[in-house]
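Below: the structure, in structure tokens.
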Amino acid sequence: MDRPTASDTEPRRYTPSHIGKLAWPIILSNLSVPLLGLVDTAVVGHLPDSRYLAAVTLGATLFSFLYWGFGFLRMGTTGLTSQAVGRESDSDVRLLLAQSLVMAGAIGVALILLAEPLISLGLWLLDGSAVATALASDYAHIRIFSAPAVLANYAILGWFIGQQRTRITLAILLLTNGVNILLDLIFVVGFGFASDGVAWASLIADYSALAFGLWRVAVHWRTLGGSLSREALRSLSRYAELIRVNQHLFVRTLGLLFAQAFFTAQAANFGDTVLAANAVLLQFIMLTSFALDGFANAAEALTGRSVGKRAWDDFGDAVRAAAKLSVAVAGAAMLIFAVGGDALVALLTDLPEVRAAAADYLPWMVAMPAIAVWSYLLDGVFIGATESRAMRDTVWLAIACYLPTWWLTQGFGNHGLWLSFLLFTAVRSASLGACYFHYRRTRWTATPTT
């Protein structure tokens, strides 16, 4: 028989304290991501020719979009694993990881086989200089071989988050970024490699993290009950639920990527100063999202477990607890941006024209956390409940409002662009909220209504 995978010390109902314990390792690991970007920039930025920094920027942007597009392997695995934990089915917990790793390996190999057209198309769309694009191509042809490791790591991270083992995810991500930073320094500063040294550092770090993650899986595997059915692993029909969840998440992610790329592309039309000012403001919004993502990831694990148990009181408690912490952090971010926004901008740039432009658009950054907090939180709830269709539909509904608003407000310049992006976020939050209350009455309750 399977045995419960949850800790015996876990409370029956969820509180902000429980959410916080799950969220802090994720928040801390998220904060290591911009640190890696800063180190990449710093080591390459001190090389004698700026083309190397341009090449790394182009290559890193390409892979951020390419790999994030397959982030469903993390999210889908988390939701389904947390529900299996709620059902107390260790056999399903085992099977979900194995299935996710099979999918990650297959997609990773496909990306390597399709490397030439993917890299050529991606760099053409990024439209860098001829010299920087040639160096970025060399970078990309090295980095593409990390695809199986990156995608497998997504699956492993999702599997551990679904079991509320967030400290293990912290260890994996800190190892990835730590090894990457160390090898950046060795290859570029020590050995004198250029942009290709950064690519090799990332490649080795990704496989190092995979080795560590698989070791942690092996340790945890021995504590699980049940068994892995090889027949189920080979049966395509047993992948149906994983494919259903992941296909909606994939289309949803494409929508988010489009919305962000469109914002950047339109900002570029207003000149380098406005583009730089927007980039600075978005950095602080991204930092806020790292904290809010931590609470959303905790909500994924707890709401998914509640769905698996059919424990709807626990489900509601988890959402309320995550909401309290999310709103508190969003409010604190708004206060910090309102009071110290100019000082924060000055930390990232000393160019007076960029600082002046950023000050002009600062109110949009102040408003964003109050609007975005609900989309982050509810994404976590819907991932845990594996209602990915609603996530897909609400993103594209938001895009359907975003583009006409941008077209109508072009006369307002960058303010119109920010208004459009804020509306995109608001529609996402509002439509997800509407779906949440509808599902809470009709599906996520012991007494469903029609």
Between [Y] and [X], is there a side-chain heavy-atom distance shorter than 4.5 Å?
{"X": "Arg252", "Y": "Asp379", "answer": "yes"}
{"X": "Leu62", "Y": "Tyr139", "answer": "no"}
{"X": "Leu80", "Y": "Thr386", "answer": "yes"}
{"X": "Ser229", "Y": "Leu95", "answer": "no"}
{"X": "Phe187", "Y": "Asp196", "answer": "no"}
{"X": "Ile144", "Y": "Leu66", "answer": "yes"}
{"X": "Met391", "Y": "His248", "answer": "no"}
{"X": "Thr81", "Y": "Leu97", "answer": "no"}

Check for a donor-acceptor pair, side chain of [X] on one end and backbone N or O of [Y] on the other, with a separation under 3.5 Å.
{"X": "Ser429", "Y": "Ala426", "value": "no"}
{"X": "Ser91", "Y": "Gly226", "value": "no"}
{"X": "Tyr239", "Y": "Leu233", "value": "yes"}
{"X": "Asn180", "Y": "Thr176", "value": "no"}
{"X": "Ser82", "Y": "Gly79", "value": "yes"}
{"X": "Ser289", "Y": "Met286", "value": "yes"}
{"X": "Thr405", "Y": "Cys401", "value": "yes"}
{"X": "Ser420", "Y": "Gly416", "value": "yes"}
{"X": "Tyr207", "Y": "Ser146", "value": "no"}
{"X": "Glu300", "Y": "Gly158", "value": "no"}

I need the [X] [atom1] to [Y] [atom2] distance, nearest 0.5 Å.
{"X": "Phe295", "Y": "Ile26", "atom1": "CZ", "atom2": "CD1", "answer": "10.0 Å"}
{"X": "Gln247", "Y": "Arg389", "atom1": "CD", "atom2": "CZ", "answer": "7.5 Å"}
{"X": "Thr264", "Y": "Leu275", "atom1": "OG1", "atom2": "CG", "answer": "7.0 Å"}
{"X": "Leu377", "Y": "Lys324", "atom1": "CG", "atom2": "NZ", "answer": "13.0 Å"}
{"X": "Ile156", "Y": "Ile168", "atom1": "CD1", "atom2": "CD1", "answer": "11.0 Å"}
{"X": "Trp24", "Y": "Leu28", "atom1": "CH2", "atom2": "CG", "answer": "6.5 Å"}

Do the rings of [X] and [Y] sit parallel, tilted or perpendicular, given the 30° and 60° boundaries?
{"X": "Phe424", "Y": "Tyr402", "result": "tilted"}
{"X": "Phe263", "Y": "Trp418", "result": "perpendicular"}
{"X": "Trp159", "Y": "Trp221", "result": "tilted"}

Nearest atoms (heavy-atom pairs only) where [X] meets [Y]:
{"X": "Val427", "Y": "Ser431", "result": "O-OG, 2.6 Å"}
{"X": "Met75", "Y": "Thr253", "result": "CE-OG1, 4.1 Å"}
{"X": "Phe337", "Y": "Thr288", "result": "CZ-OG1, 3.3 Å"}
{"X": "Ser388", "Y": "Val245", "result": "OG-O, 3.0 Å"}
{"X": "Ala398", "Y": "Arg428", "result": "CB-CG, 3.6 Å"}
{"X": "Val329", "Y": "Ala291", "result": "CG1-CB, 3.9 Å"}

Between Thr169 and Arg165: side-chain donor-acceptor atoms closer than 3.5 Å: no
Aromatic contact between Phe262 and Trp406, with the criterion being ring centroids under 6.0 Å apart: yes or no? yes
Between His18 and Gln164, does the side chain to side chain contact (heavy atoms under 4.5 Å, CB included) criterion hold? Intermediate values first, please. CA-CA 11 Å; His18 192 70; Gln164 302 174 38; 3.7 Å; yes
Enclosure of Trp200 CH2 (heavy-atom neighbours >12, cutoff 6.0 Å): no
Using a 6.0 Å cut-off, check whether atom CZ of Phe145 has over 12 heavy atoms from anything other than its own residue. no
Stepwise side chain to side chain contact (heavy atoms under 4.5 Å, CB included) check, Asp293 with Tyr376: CA-CA 6 Å; Asp293 272 344; Tyr376 291 125; 3.7 Å; yes
Go through it in stages, so that I can follow the logic: the residues are Asp92 and Gln83, the test is side chain to side chain contact (heavy atoms under 4.5 Å, CB included), and I'd like the CA-CA distance, side-chain angles, deciding distance and then a yes or no. CA-CA 9 Å; Asp92 285 350; Gln83 291 185 18; over 6 Å; no
Side chain to side chain contact (heavy atoms under 4.5 Å, CB included) for Met103 and Asn246? Distances and angles first, verdict last. CA-CA 11 Å; Met103 291 182 66; Asn246 286 343; 3.9 Å; yes
